[in-house]
Visitor: 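Below you will find the structure I want to go over with you.
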2 protein chains.
Amino acid sequence: MRLTAKSEYGLLAMIDLACRVDQGPVSAREISDRQGIPAKYLEQLFVGLRKAGLVGAVRGAHGGFALHRPAGEITVLDVVEALEGSLRPTVCDGDRAAACGRGDACAAAGVWDRATSAVRDVLESTTLDSLARTQEVLDESGAARSPIER
Amino acid sequence: MRLTAKSEYGLLAMIDLACRVDQGPVSAREISDRQGIPAKYLEQLFVGLRKAGLVGAVRGAHGGFALHRPAGEITVLDVVEALEGSLRPTVCDGDRAAACGRGDACAAAGVWDRATSAVRDVLESTTLDSLARTQEVLDESGAARSPIER
DNA sequence: TGAAATCATACTGTTTTGGTAAGGATTCCA
DNA sequence: TGGAATCCTTACCAAAACAGTATGATTTCA
């Protein structure tokens with residue numbers, strides 16, 4: 001179970017898209033400027049997001065990316081698994097469980113499973129829609145203090 | 001937030017100790033044989049566990065390690081943090097939050113915080129004592145099938 | 001045609017991971 | 001007293017992961 005910069009950047013980008021669903025495709029360049037994500041790195045992430053069916057791409061001039069499903073039907077877990085692969089325990093998974101010789105008879109494995117499930121529950125119960133609206137509220141209330149500058 | 005082989009090995013070793021609290025110190029070598037953990041690597045892990053005050057060491061012949069507190073008062077979170085450092089979100093932590101320019105006004109940060117808290121809750125609510133008893137039950141019921149051999 | 005944009009692949013420098021190696025310090029036992 | 005067992009410390013190392021860069025092909029619009 002790992003959460004890296006891919007997830008962080010990817011979620012920021014997806015929230016950015018969710019805040020602009022009514023604007024047609026948004027270019028990776030625009031998002032990378034706005035969110036402070038390295039441009040070429042973000043392009044790579046969008047490849048994964050597209051292959052997972054979370055975003056649609058429009059090539060050519062004035063192209064860009066847009067959510068491929070309603071924001072309320074895309075969870076953070078969808079984004080994370082599109083970018084990092086299936087969210088399983090990194091410890092005591094299939095290979096290692098065999099290595100330690102216990103198979104199912106390992107008390108420790110249960111803890112790792114429960115921890116992973118707990119994370120899944122959180123990520124699965126949070127949609128892009130709710131995050132986008134939260135973000136909009138935050139942007140409004142902080143607009144006077146120019147949050148991008150600081 | 002990362003869970004690596006250190007946590008896996010460390011927890012196995014601590015459960016092993018918890019199953020043998022009444023036997024005086026248990027040598028690292030013995031645990032490494034029983035749990036299938038590389039001997040010298042396990043020694044390194046015990047350094048961290050000892051510095052965290054979770055185990056006491058007895059040097060010299062017939063020495064070894066023993067739990068330094070009752071097994072019911074040591075949580076899996078204690079073990080993990082002793083070995084991997086404080087369990088914080090690896091995404092959007094202090095440094096990155098500053099980098100993305102949002103500070104507190106970031107909807108994504110809340111998700112990572114909640115995910116981390118969920119893991120902490122699971123690990124913090126599980127004690128070595130309960131794991132040791134679970135393991136003993138598993139060992140008994142599987143003893144006829146010789147779980148170590150397979 | 002030329003600019004804008006995605007798509008695909010390969011490369012790279014750094015850090016982390018998962019060990020191994022070698023020896024030193026301490027303690028027990030014969 | 002001299003091993004032998006055991007923890008302690010430090011250093012080293014190969015492989016993988018991470019975060020990003022580079023390059024170029026392809027597609028689309030004006």
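Residue numbers begin at 1 in each chain, while the letters A, B, ... track the order of the sequences. All figures in this text were calculated on a predicted structure; none of them were measured in a lab.
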Visitor: Name the closest nucleotide to the A:Ala57 side chain, picking from C:dT6, D:dT21, D:dC8.
Guide: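 Out of C:dT6, D:dT21, D:dC8, the nucleotide with an atom closest to A:Ala57's side chain is C:dT6.
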Visitor: Which nucleotide wins on minimum distance to the side chain of B:His62, given the candidates C:dC7, C:dC28, C:dA8?
Guide: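 Looking only at heavy atoms from C-beta outward on B:His62, the closest nucleotide is C:dC28.
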Visitor: Of the candidate nucleotides D:dT21, D:dT6, C:dG19, which contains the atom at the shortest distance from the side chain of B:Tyr41?
Guide: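 Ranking D:dT21, D:dT6, C:dG19 by closest atom to the B:Tyr41 side chain puts C:dG19 first.
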Visitor: Taking only side-chain nitrogens and oxygens of A:Arg59, does any of them come within less than 4.0 Å of OP1 or OP2 of C:dC7?
Guide: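 Answer no for this pair, as no side-chain N or O of A:Arg59 is under 4.0 Å from OP1 or OP2.
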Visitor: In whole angstrom, what separates A:Leu45's CG from D:dC18's P?
Guide: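 Interatomic distance, CG of A:Leu45 to P of D:dC18: 13 Å.
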Visitor: Measure from the side chain of A:Lys40, starting at C-beta and using heavy atoms only, and say which of D:dG24, C:dT6, D:dC18 lies closest.
Guide: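 Taking heavy atoms from C-beta onward, the closest nucleotide is D:dG24.
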Visitor: Among the candidates C:dA5, C:dT27, D:dC8, find the nucleotide nearest to the side-chain atoms of A:Ser27.
Guide: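 Minimum distance to the A:Ser27 side chain belongs to C:dA5.
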Visitor: Using atom NE2 of A:His68 as one end and atom C1' of C:dT6 as the other, report the distance to the nearest whole Å.
Guide: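 Taking atom C1' of C:dT6 as the reference, NE2 of A:His68 is at 15 Å.
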Visitor: Measure CD/A:Glu30 against P/C:dA5 and give the value in whole Å, please.
Guide: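 So the two atoms are 9 Å apart, to the nearest Å.
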Visitor: Looking at B:Glu84 and C:dT16, is any side-chain donor or acceptor paired with a base atom of the opposite kind under 3.5 Å?
Guide: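 Donor-acceptor pair under 3.5 Å: no.
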Visitor: Classify the nucleic acid contact of B:Phe46 as base, sugar-phosphate or nothing, counting any heavy atom under 4.0 Å across all strands shown.
Guide: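 Nothing, no heavy atom under 4.0 Å.
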Visitor: From NZ of A:Lys51 over to P of C:dA8, roughly how many Å is that when rounded to an integer?
Guide: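 Roughly 5 Å, once rounded to whole Å.
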Visitor: Nearest to the side chain of A:Ala5, heavy atoms from C-beta on, is which of C:dT6, C:dG23, D:dA19?
Guide: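 So the side chain of A:Ala5 is nearest to D:dA19.
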Visitor: If you check the B:Glu43 side chain, which of D:dT28, D:dT21, D:dC8 turns out closest?
Guide: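 When the side chain of B:Glu43 is considered, D:dC8 is the closest of D:dT28, D:dT21, D:dC8.
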Visitor: Between A:Arg133 and A:Glu136, is the salt bridge (Lys or Arg N to Asp or Glu O under 4.0 Å) condition met? List the steps.
Guide: CA-CA 5 Å; A:Arg133 282 183 298 190; A:Glu136 279 163 2; over 6 Å; no
Visitor: Between the side chains of B:Asp113 and B:Thr116, is a donor N or O closer than 3.5 angstrom to an acceptor N or O?
Guide: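 Checked: B:Asp113/B:Thr116 side chains show no N/O donor-acceptor pair below 3.5 Å.
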Visitor: Check whether any side-chain nitrogen or oxygen of A:Tyr9 sits under 4.0 Å from OP1 or OP2 of D:dG20, and answer yes or no.
Guide: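 Yes, because at least one side-chain N or O of A:Tyr9 sits under 4.0 Å from OP1 or OP2 of D:dG20.
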Visitor: Please report the distance, rounded to the nearest Å, between CG in A:Leu49 and P in C:dC7.
Guide: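 Whole-Å distance recorded here is 11 Å.
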Visitor: Roughly how many Å is it from CG in B:Leu42 to P in D:dT9, rounded to a whole number?
Guide: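 Rounding to the nearest Å, CG of B:Leu42 and P of D:dT9 are 16 Å apart.
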Visitor: In whole angstroms, how far is the C1' atom of D:dA19 from the CG atom of A:Leu3?
Guide: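 So the two atoms are 16 Å apart, to the nearest Å.
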Visitor: In whole angstroms, how far is the P atom of C:dT12 from the CD atom of A:Gln44?
Guide: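 Answer to the nearest Å: 15 Å.
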